[in-house]
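Chain naming here is simple, since letters A, B, ... match the order of the sequence lines and numbering starts at 1 in each.
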Amino acid sequence: MTAVVTKTNVLDTLSERGFVNQVSDMEGLRRATEKPITLYCGFDPTSDSLHIGHLVQVMALAHFQRHGHRPIALVGEGTTMIGDPTGRATGRTIMTKKEIAANAAKIKEQLSHYLDFSDGKAIMLDNAAWLTKLNYIDFLRDIGRHFSVNQMLAMETYKTRLETGLSFLEFNYLLLQSYDFLHMYREDGCILQIGGGDQWSNCLGGMDLIRKADGGTAFVLTTPLITDAVGQKMGKSTGNALSLNPAYMSPYDYYQFWINVEDALVGQFLGFFTFLPMDEVWRLTNREGAELRQAKETLAFEATTLTHGEEAAREAQAASRALFSGEGALETAPTTVIPATDFAAGLIVADLFTRAGLATSRGDARRLAAQGGASLSGERVDDMDRTVTAADIPANGLLLRAGKKRYRRVVVG
RNA sequence: GGGCAGGUACCAGAGCGGCCAAAUGGGACUGGCUGUAAACCAGUUGGGAAACCUACGGGGGUUCGAAUCCCUCCCUGCCCA
């Protein structure tokens, strides 16, 4: 992804593509972005993979970069040690530093695919670098005095948490995130923070701090939260999890995630998760009914290319086309290799489904079969307890299907 | 530090000695209808082939039998200091 400077203001591009939820000062930011600026977005390594919500932010940063601005991808090892209480009914489990560091390493790796970090065109920072060095007394005197507990308690996040419990640890999260912004304002000239819609007040905290502490001017821009068509938050909790980590989600499954998107969201997603020009997006989504599938295929292909590369996207596309249009699917299906020695120890059909990741346990596999949702080479499976030997698996593999959409090939290795 | 109320499956939330692998709702999954869409209808939702095993915050105890009773520890809310 090379930086392409265009004449249009990045804010126009972002609004056109649906990225803008709230801006602290639209006119001021517009003036500021007429020259290259430095901006940041924070990603807390609470898990070892970014998901769809983060991806919106990442794409927004990428648009800034394409317009000649300099994004900072901030990985929040320091803030994760505290835990963001936003949107949470209860405190987070305190993560070990080791766990956080391991996650951070993976997140940094994933971020590096979307932005061009060469020649300082984008910067990757980790707030552990400065947060862990803070001195408590100094911090309270220099930073803490700018925060009003009264105002903080009025914030929605804390109001709800006053009912269910809020520890002092978490109460400090806002101060640390705000300090991050101030720190990068001072060190890197960073004047804009972007974040998800739920981060609005956290981001404003930093903006206010910059004004109070240094008399500086900074801006905040938030992006809409990704919801499904019914307005339900899309994320791990709803099972719609999208992982950018290929260890958790293969390019094929990633591709499938996008192609299975509901009609109502295709246009929005093309705007967010691809770089296709918007007139192209409108052309694609202007179709009716089944023809919208072409828009979904484009979305899936483009999004998979961005995350896993064009070659992986082509393979995923070929596999999907083959599997969902009938014959000749076997070779391209996502594959699970089971060592021959495992067959010698004795495997039943249910084990095959479990090993291929199509069922979570033998019991789950049996339920699947009982509901008529399992098949082998297109034949419906009723007996999940039949023993399978390596000889039952053709040299080019055996095609397993669970439900209508999940396919997997099993080969003996 | 004291008093009171609580901690139940992915979430919310019933159950308060056996009929409890645990109501109900949401979510998710499967089937039907479709366009690999939505909506709708139906079913499923701890593990195990089974016997049975593990589970109702952790540990211990009472009982033929405990999510349910007792002790203790941890955690949360409310009130008092």
Side-chain angles (χ1 to χ4, degrees), chain A residues 47 85 87-94 158-171 227-242 252-270 284-301 303-304 316-326 329 332-334 346-354 357-375 380-388 400-408:
Chain A
S47 89
R88 296 188 61 94
T90 53
R92 292 175 184 272
T93 316
I94 295 190
Y158 299 117
K159 255 194 290 184
T160 23
R161 286 298 296 279
L162 285 180
E163 285 154 31
T164 54
L166 172 71
S167 70
F168 187 66
L169 176 81
E170 292 176 282
F171 194 55
T227 57
D228 61 24
V230 212
Q232 195 117 54
K233 192 177 164 192
M234 238 166 139
K236 282 179 200 153
S237 46
T238 64
N240 291 325
L242 178 77
Y252 170 82
D253 289 323
Y254 192 84
Y255 183 94
Q256 282 293 313
F257 173 91
W258 295 106
I259 210 161
N260 279 310
V261 151
E262 340 169 23
D263 286 9
L265 297 176
V266 195
Q268 190 192 8
F269 279 17
L270 281 166
L284 280 168
T285 51
N286 217 356
R287 313 276 181 80
E288 291 282 309
E291 287 191 41
L292 254 184
R293 274 203 30 243
Q294 200 181 335
K296 293 184 187 180
E297 203 171 58
T298 305
L299 169 65
F301 182 77
T304 308
Q317 184 174 57
S320 296
R321 282 180 177 162
L323 287 166
F324 287 94
S325 61
T332 48
L347 285 181
I348 59 174
V349 181
D351 291 325
L352 247 37
F353 277 84
T354 312
L358 296 176
T360 55
S361 66
R362 284 181 171 188
D364 190 38
R366 287 197 188 88
R367 268 192 294 278
L368 188 70
Q371 295 178 127
S375 76
R380 182 177 148 156
V381 178
D382 291 307
D383 182 12
M384 271 286 174
D385 295 307
R386 204 180 73 226
T387 304
V388 184
L400 278 61
R401 182 175 62 82
K404 275 178 283 201
K405 304 178 187 171
R406 292 149 60 218
Y407 290 93
R408 205 102 326 176

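Checking B/U44, B/A37, B/A49 against every side-chain atom of A/Asp385, the shortest atom distance belongs to B/A49. Minimum atom distance to the side chain of A/Asn260 is reached by B/U36, of the listed B/U36, B/G48, B/U45. Across B/A49, B/U30, B/U44, the shortest atom-to-atom separation from the side chain of A/Arg367 is found for B/U44.
When both distances must be under 3.5 Å, the Watson-Crick or G-U wobble mate of B/A9 does not exist. Base pairing annotation: B/A49 forms no Watson-Crick or G-U wobble pair, as no partner gives both donor-acceptor distances under 3.5 Å. Base pairing analysis places B/A55 opposite nothing; no Watson-Crick or G-U wobble pair with both distances below 3.5 Å involves it. With both pairing distances under 3.5 Å, B/U68 is matched to nothing as a Watson-Crick or G-U wobble pair. A 3.5 Å limit on both hydrogen-bonding distances identifies B/C4 as the Watson-Crick or G-U partner of B/G77. The partner of B/A28 is B/U44, by the rule that a Watson-Crick or G-U pair needs both atom distances under 3.5 Å.
Between A/Leu265 atom CG and B/U36 atom C1' there is a gap of 15 Å when expressed in whole angstrom units. A/Glu288 has its CD atom 16 Å from the C1' atom of B/U34, to the nearest Å.
Side chain of A/Lys296 to main chain of A/Val266: no donor-acceptor pair is present (N/O by atom type, distance under 3.5 Å, no hydrogens or angles).
Contact annotation: side chain of A/Lys404 to base of B/U34, donor-acceptor pair present below 3.5 Å. Residue A/Gln371 places no side-chain atom within donor-acceptor reach of the base of B/G31, judged by atom type and a 3.5 Å distance cut-off alone.
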